[in-house]
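Here the structure comes first, spelled out in structure tokens, and everything after it is commentary.
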Amino acid sequence: MKPRITLLTLGVADLERAVAFYRDGLGWPTQGIVGREFENGAVAFFELEGGLKLALWPRKSIAADTGLADSGPAPTHVTLAHNVGSRGEVDAALALARQAGATVVKPAADTFYGGYAAYFQDPDGHLWEVSFNPGFKDLG
């Protein structure tokens, strides 16, 4: 198995609200919600840099598709990261997220690795880190 991820799906409580946050609030491009004609099929896709796609899919639909119970959000189980090129870009991205309706859970501050980072939660509680890490390109 090759080490790659092609699609990252976030389970959401309210698909319309989640699309508005990412599309209208953060300015991420999407064709909007597709698949409404199918039971549990409504989903929205966002093109990310590097060929990765982000999908927003209702948690109830994920539960129906997998056969698992909807356990609700668990913010500390996974974090998503948006790495940027400077401290100023961290501040700008955090301000945009806040304006879009995100909850800042950790304000931007210097990090132990010589960078600068903050955390916010989207309206469904998904935890995002916005980070400037001067050594990021050398990792992995």
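Small disclaimer: the values here were computed from a predicted structure and weren't measured. Quick note: numbers below take in every heavy atom, side chains included, and nothing from hydrogens, waters or symmetry partners. Counting from 1, the numbers follow the sequence of the chain as shown.
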Heavy-atom check, side chain of Thr103 versus side chain of Phe120, under 4.5 Å: no
Partner set under salt bridge (Lys or Arg N to Asp or Glu O under 4.0 Å) for Asp138, not counting sequence neighbours: none
Residues 26-33 side chain polar contacts: donor-acceptor under 3.5 Å, at least two apart:
unit_1	atom_1	unit_2	atom_2	d
Thr30	OG1	Gly32	N	3.0
Thr30	OG1	Phe45	O	2.6

Nearest-0.5 Å distance that lies between atom NE2 in His82 and atom CG in Leu94: 11.0 Å
Pro75 vs Gln121 side-chain heavy atoms within contact, under 4.5 Å: yes
Closest approach of Leu8 to Leu52 (non-hydrogen atoms, all atoms of both residues): N-CD1, 4.3 Å
Salt bridge (Lys or Arg N to Asp or Glu O under 4.0 Å) partners of residues 36-51, not counting sequence neighbours, each pair once: Glu16-Arg36, Glu47-Lys53
ILVMFWY network linking Leu127 to Leu56, side-chain heavy atoms under 4.5 angstrom: no
Non-neighbouring partners of Arg59 that pass side chain to side chain donor-acceptor pair (under 3.5 Å), sequence neighbours left out: Asp70
Which atom of Ala18 lies closest to which atom of Asp124, heavy atoms considered: CB-OD2, 3.8 Å
same_hphob_cluster(Tyr119, Phe132) at 4.5 Å side-chain heavy-atom cutoff: no
Spatial distance of atom CG (Leu96) from atom CG (Asp91) [nearest 0.5 Å]: 12.5 Å
More than 12 heavy atoms of other groups within 6.0 Å of Phe46 CZ: yes
Least distance between heavy atoms, Leu10 atom then Leu80 atom: CD2-CD1, 3.8 Å
From NE2 (His126) to CG (Leu54), nearest 0.5 Å: 9.0 Å
Residues forming a side chain to side chain contact (heavy atoms under 4.5 Å, CB included) with Thr111, sequence neighbours excluded: Tyr113, Ala117
Atom of Ile62, atom of Gly11 and distance for their closest heavy-atom approach: CD1-CA, 3.6 Å
For the student: nearest non-hydrogen atoms of Gly114 and Pro134, plus distance: O-CG, 3.6 Å
Salt bridge (Lys or Arg N to Asp or Glu O under 4.0 Å): pairs with one or both residues in residues 92-111, sequence neighbours excluded: Arg87-Asp110
Over 12 foreign heavy atoms within 6.0 Å of CD1, Ile5: no
Same apolar cluster: Val34 and Leu7, side chain cutoff 4.5 Å: yes
Between Tyr116 and Asn133, a side-chain donor and acceptor under 3.5 Å: no
Heavy-atom closest pair, residues Trp57 and Thr9: CB-CG2, 3.8 Å
Glu89 (side chain) donor-acceptor with Gly85 (main chain) under 3.5 angstrom: yes
